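Just below is one structure, and these are the notes that go with it.
We count ligands from 1, going down the list as the structure has it; atoms in each ligand are counted the same way. For clarity, every value in this text was computed on a predicted model and none was experimentally measured.
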Amino acid sequence: MSTKRTAVVAPPAAEAPARRRQAAGAVTVVAEPSAVPVAAVPVAGDALGPTGRPRVRFPEPAPVAEHGPARVLAMCNQKGGVGKTTSTINLGAALAETGRRVLLVDLDPQGALSVGLGVNPLQLDRTVYNLLMEQDVSADDVMLKTGVAGMDLLPSNIDLSAAEVQLVNEVAREHTLRRVLEPVLDDYDVVLIDCQPSLGLLTVNALTAADGVVIPLECEYFALRGVALLLQTIEKIRERLNPRLEIEGLLATMFDARTLHGREVLARVVDAFGDKVFHTVISRTVRFPETTVAGEPITAYASSSAGATAYRDLAREVLARAAAR
Ligand code: ADP
Ligand code: MG
């Protein structure tokens, strides 16, 4: 089997791979070499993956001898319930399993990321709110260890909702999160920021702190509603506040391969965004809501489940994309 090495340069929407729609609604992609990202190995036999592109396998990431500086990724979509928090926890845990040091930042006043890792948000002395608003509080003061080796958490609770208002009066208000994270970036390989479902000042802070944006999209009708506004916001932030900012990838979540509907939505997303869409797709399974109750990632709660495997695949794909930049 040959290994194709091709740069991961996502074509603009208009250059998305040519495709034919079959009468039954299934989608056949006319394969193009550029559809194969760097270090990805085409899989023989079963040619097309769930995104309708040639199926690929990402290599086992090499162990790292040293840590940092971290690549900062904002998990962002102003729509709620699309899998931002679930993906933050489980991608983080899967990256930590590869030996990467991971920091998760809960930037949603709902505190779902913290709860999903077994933290009681009402019992926190200090949170991201204190980190953003108080000069003498450092990331180390707020940091918690999680049950996953190598993965730490900056937790939040409802206090953070006040920051949205209070930050408005700060000098360089959009850069506040980046400034407070900078001292710990060398200790980590990846920082994942779980954004709240809005494009307000907290999310602008996340995008200003980030090197890349991961956009989770639920495979439902209206999945793309609001994405144009999100992309405009990202573009403005790149121009005005953070020239480093890139779109890391769009992640299809809650996919149900048994329904024509799910397959069609995914095909539309790939039509619109081409290679920006991760090859890894997260299927819908009740195991994810269960993990929230359990307060641990799926990689620990149901280590050999399809959901755990999917987030491990995503971790490999994210590392492969980062290595190709
Ligand atoms: P967001 O952070 O974007 O609001 P969440 O990650 O909290 O979204 O997910 C919303 C709900 O959907 C949660 O109850 C979560 O457990 C559930 N969920 C997330 N991903 C999946 C999935 N792949 N399959 C089934 N349920 C999921
Ligand atoms: Mg959330």
To which protein heavy atom is [atom] closest, and what is the distance rounded to 0.1 Å?
| atom | value |
| --- | --- |
| atom 21 (C) of ligand 1 | Met254 CG, 3.7 Å |
| atom 27 (C) of ligand 1 | Phe288 CB, 3.9 Å |
| atom 7 (O) of ligand 1 | Thr85 CB, 3.9 Å |
| atom 8 (O) of ligand 1 | Gly83 N, 3.0 Å |
| atom 24 (N) of ligand 1 | Thr285 N, 3.0 Å |
| atom 13 (C) of ligand 1 | Thr86 OG1, 4.7 Å |

Within a strict 4.5 Å, meaning less than it, do heavy atoms of the Phe273 and Leu231 side chains meet?
yes
Are Gln196 and Ser161 packed together at the side-chain level, in the sense that at least one heavy-atom pair is separated by less than 4.5 angstrom?
no
Check this for me: does any side-chain nitrogen of one of Asp194 and Lys84 sit under 4.0 Å from a carboxylate oxygen of the other?
no
Hey, are Glu174 and Arg240 close enough for a salt bridge, meaning a charged N less than 4.0 Å from a carboxylate O?
no
Hey, is the main chain of [Y] close enough, under 3.5 Å, to the side chain of [X] for a donor-acceptor pair?
| X | Y | result |
| --- | --- | --- |
| Asp256 | Arg284 | no |
| Ser198 | Gln78 | no |
| Asn90 | Ile298 | yes |
| Asp189 | Arg101 | yes |
| Asp106 | Ser114 | yes |
| Thr299 | Ala94 | no |

With a 4.0 Å cut-off on heavy atoms, is [X] in contact with ligand 1?
| X | value |
| --- | --- |
| Ala112 | no |
| Gly80 | yes |
| Thr253 | no |
| Ser283 | yes |

Using a strict cut-off of 4.0 Å, indicate which atoms of ligand 1 neighbour a heavy atom of [X].
| X | answer |
| --- | --- |
| Val82 | 1 (P), 3 (O), 8 (O) |
| Gly81 | 1 (P), 3 (O), 4 (O), 8 (O), 10 (C) |
| Ile282 | 23 (N) |

Would one find an N or O of Asp194, backbone or side chain, under 3.5 Å from an N or O of ligand 1?
no
Polar contacts were defined as any N/O atom of the residue lying under 3.5 Å from an N/O atom of the ligand; does this apply to Lys79 and ligand 1?
no
Answer yes or no for Gln196: is there an N/O/S atom below the 2.8 Å cut-off from the Mg ion (ligand 2)?
no
Under the salt bridge (charged side-chain N to carboxylate O under 4.0 Å, His left out) criterion, do Arg268 and Glu264 qualify, and how do the steps go?
CA-CA 6 Å; Arg268 274 208 345 255; Glu264 282 193 337; over 6 Å; no
Atom 11 (C) of ligand 1: protein heavy atom closer than 4.0 Å?
no
